[in-house]
Amino acid sequence: MRHSRPSVPSGRVHNIINMTTFAVLGVGAIWASRQGMISVTQVQASHFALAYLAGTFLLSPDLDLSEGRVNSKRNWGILGPLWVPYGMMFSHRGLSHSWLLGPLTRLVYLAILGAIVIGVLRTVWPEMALPAFPEPLEWKVLLPATLGYFLSQWLHLIADGIRPDHGLRRTRRRN
Ligand SMILES: [Zn+2]
């Protein structure tokens with residue numbers, strides 16, 4: 001007997017789940033800091049929020065479908081086609097949907113894209129001044145950003161029904 005595939009949430013459903021969690025976290029954080037339970041600076045909150053939103057809308061695990069049409073690729077606008085090679089490299093819900101390496105593959109891919117763009121610009125325009133980081137990257141900035149990014153990714157994976165040991169066990173299913 002064929003067992004039916006578990007239904008996979010659409011991009012829209014993922015966005016709703018992530019943004020609802022975001023709102024709950026925001027209200028919770030404001031409440032907890034008013035009670036003096038936590039202290040979050042505005043800079044930390046904004047780094048968390050930016051990374052979380054980028055993880056939700058721009059760096060979703062479903063970019064592994066970028067060889068076709070997918071929400072998270074569309075969010076890149078005219079830059080969307082830059083994600084086509086990523087979609088071709090990663091099979092849907094494979095490594096791209098693992099808990100630790102998956103989110104890192106997208107950051108590394110983005111860094112490579114950035115390096116290529118800078119390399120090309122530098123070749124065409126050698127005197128180009130590179131934008132400097134506005135402030136030294138320290139753990140106070142990196143930690144909330146890392147948390148925000150990974151949380152957005154993990155909510156996607158949980159909604160997809162993917163467990164943290166995904167990819168560690170051999171569970172190749174043919175659909
Ligand atoms: Zn997915």
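These values consider heavy atoms only, across backbone and side chains, with no hydrogens, waters or symmetry-generated copies. For ligands, and for the atoms within them, numbers begin at 1 and follow the listed sequence. For clarity, every value in this text was computed on a predicted model and none was experimentally measured.
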Y52 ring center within less than 6.0 Å of F22 ring center:
yes
Using the rule side chain to side chain contact (heavy atoms under 4.5 Å, CB included), only one of L107, L113, I112 pairs with Y109; which is it?
L113
Can we call the ring centroids of W99 and F150 under 6.0 Å apart?
no
Between D160 and H97, does a side-chain hydrogen bond (donor to acceptor under 3.5 Å, both in side chains) hold up when you go through it step by step?
CA-CA 9 Å; D160 274 357; H97 276 63; 3.2 Å; yes
Verdict with reasoning, N71 to H14, per side-chain hydrogen bond (donor to acceptor under 3.5 Å, both in side chains)
CA-CA 10 Å; N71 260 347; H14 279 303; over 6 Å; no
Protein N/O/S atoms under 2.8 Å of the Zn ion (ligand 1)?
D62 OD1, H97 NE2, H156 NE2, D160 OD2
Does a donor on one side chain sit under 3.5 Å from an acceptor on the other, for T105 and Y86?
yes
